[in-house]
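Each remark here refers to the structure printed beneath this line.
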Amino acid sequence: LQHYIEDPLLVEGKKCHIRVYAVLVRRGTQFTVHMYNSGVMYLAKDPHDANTTDPMVCLSGGNISKTMRMYPEVLDKLYPRKFQDVLLPQLQQIVHDTCDAAANYLECYNENTSCFKLIAYDVLINQQFKCFLAETNVRTIEFAYPPQAFRQMLYTDMLDLYFERATSSRWLPVLSRAVPLRAEDPKNDVARVQEGFTNAHNAPSVLPYALLLTLCSAVLVGCIYRRG
């Protein structure tokens, strides 16, 4: 129930979206978030046509390896410097605003005091290189189609970050702040969370409510964080 992006950024003549990975780490009352500077992008099956509603044209993704590409490599070839100079700051802001808005309501699984969670953002981009948050995936992050080398690199970097063995330059620091030792009840501060999600994608829609419900329901069932 969002505004339809009528002028999407095209890759190989097709509509696309990118998947942005972020890892959330909590150690006692310290909460940090890092964003990965590379990832996968999904293309629609058929070339873009503004005059059709054919799902094969209008919908990108579908978890099909044939329509998957890697960024920033592809974007750098088609649109030099746009990812680094224009898109990356927007993506960092999206991750910052959503995580900051929800930070006080997230707690470790099974009351552990140290834990982490990998989440993934699906982001649409228009031809003016403006980013729009489509959804946030907080439960199961599937890696069925990204190349094995990328999966191994991401997992290794994530574990190195969590266990403080090393911090790869591929992880970009996005947020670091103190949080309550016990998660707050989101009902006490719905307005602040709503504002954070609204700022994150800057497009009027009911999506912020859906994101809030997804994150908060995940907290309640104890699946927002993996055991550390």
Side-chain angles (χ1 to χ4, degrees), residues 9 11-12 14-26 32-45 55-56 59-77 83 87-88 90-92 94-96 98-99 102 106 108-109 112 114-125 131-175 200 210-211 214-215 217-219 221-228:
L9 187 71
V11 171
E12 300 174 17
K14 301 175 181 179
K15 184 178 179 180
C16 65
H17 75 268
I18 65 174
R19 172 155 288 194
V20 180
Y21 299 100
V23 64
L24 287 59
V25 177
R26 176 162 180 164
T32 61
V33 180
H34 288 75
M35 186 187 84
Y36 217 51
N37 70 355
S38 61
V40 298
M41 58 191 308
Y42 292 99
L43 279 58
K45 289 184 177 180
M56 298 298 101
L59 299 180
S60 53
N63 288 334
I64 298 176
S65 57
K66 292 182 180 180
T67 61
M68 189 211 71
R69 304 291 185 269
M70 301 301 298
Y71 75 85
E73 293 84 356
V74 170
L75 293 174
D76 286 344
K77 290 180 181 179
F83 178 79
L87 298 179
L88 196 57
Q90 295 181 71
L91 298 175
Q92 290 178 282
I94 287 174
V95 174
H96 174 279
T98 51
C99 290
L106 308 180
C108 291
Y109 176 79
N112 285 346
S114 180
C115 50
F116 70 95
K117 171 65 181 179
L118 179 69
I119 63 176
Y121 295 81
D122 289 336
V123 178
L124 294 166
I125 307 169
C131 294
F132 296 86
L133 175 59
E135 66 176 358
T136 305
N137 303 277
V138 300
R139 294 185 178 180
T140 301
I141 309 300
E142 295 184 357
F143 284 96
Y145 299 103
Q148 182 177 354
F150 174 78
R151 298 198 303 267
Q152 182 174 351
M153 180 177 68
L154 176 59
Y155 286 142
T156 300
D157 288 346
M158 180 171 60
L159 293 176
D160 284 346
L161 175 68
Y162 176 70
F163 289 109
E164 300 181 304
R165 295 192 291 247
T167 301
S168 168
S169 60
R170 288 180 287 269
W171 287 119
L172 305 177
V174 172
L175 176 65
L211 288 173
T214 299
L215 283 171
S217 64
V219 171
V221 300
C223 65
I224 190 63
Y225 279 101
R226 291 184 57 184
R227 185 177 303 179

Over all heavy atoms of both residues, which pair between [X] and [Y] is shortest? Give the atoms and the distance, please.
X      : Y      : value
Gln92  : Val174 : O-CG1, 3.5 Å
Phe116 : Leu159 : CZ-CD2, 4.3 Å
Lys45  : Lys14  : O-NZ, 3.2 Å

Report the C-alpha separation of Tyr71 and Arg19 in whole Å, then their side-chain angles, then the decisive distance to 0.1 Å, and conclude whether the side chain to side chain contact (heavy atoms under 4.5 Å, CB included) test is met. CA-CA 9 Å; Tyr71 75 85; Arg19 172 155 288 194; 5.5 Å; no
For a 4.5 angstrom cut-off between non-hydrogen side-chain atoms, does [X] reach [Y]?
X      : Y      : value
Met68  : Pro147 : yes
His34  : Val25  : no
Thr98  : Ile119 : no
Ser38  : Pro72  : yes
Leu124 : Lys15  : yes

Does [Y] offer a backbone N or O that forms a donor-acceptor pair with the side chain of [X] under 3.5 Å?
X      : Y      : answer
Arg69  : Cys16  : no
Asp122 : Ala134 : no
Arg165 : Tyr162 : no

Output the distance between atom [atom1] ([X]) and atom [atom2] ([Y]), rounded to the nearest 0.5 Å.
X      : Y      : atom1 : atom2 : value
Leu88  : Asn37  : CG    : CG    : 7.0 Å
Leu91  : Tyr121 : CG    : OH    : 10.5 Å
Leu172 : Thr167 : CG    : OG1   : 11.5 Å
Ser60  : Leu43  : OG    : CG    : 7.5 Å
Leu75  : Met41  : CG    : CE    : 4.5 Å
Cys99  : Leu24  : SG    : CG    : 4.5 Å

Relative to the ring of Tyr21, is the ring of Phe150 parallel (under 30°), tilted (30 to 60°) or perpendicular (over 60°)?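 Rings of Phe150 and Tyr21: tilted, 30 to 60°.
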Between Tyr36 and Ser168, does any side-chain donor sit less than 3.5 Å from a side-chain acceptor?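 No - no donor-acceptor pair under 3.5 Å links their side chains.
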With side chain to side chain contact (heavy atoms under 4.5 Å, CB included) as the test, would you mind laying out the steps for Met70 and Val40 before giving the verdict? CA-CA 5 Å; Met70 301 301 298; Val40 298; 3.6 Å; yes
Please walk me through it: do Tyr42 and Tyr145 pass ring pair (Phe, Tyr, Trp, His ring centres under 6.0 Å)? CA-CA 10 Å; Tyr42 292 99; Tyr145 299 103; 7.5 Å; no
With side chain to side chain contact (heavy atoms under 4.5 Å, CB included) as the test, would you mind laying out the steps for Val33 and His96 before giving the verdict? CA-CA 8 Å; Val33 180; His96 174 279; over 6 Å; no
Candidate pair Leu154 and Phe143, rule side chain to side chain contact (heavy atoms under 4.5 Å, CB included), full reasoning: CA-CA 11 Å; Leu154 176 59; Phe143 284 96; 3.4 Å; yes
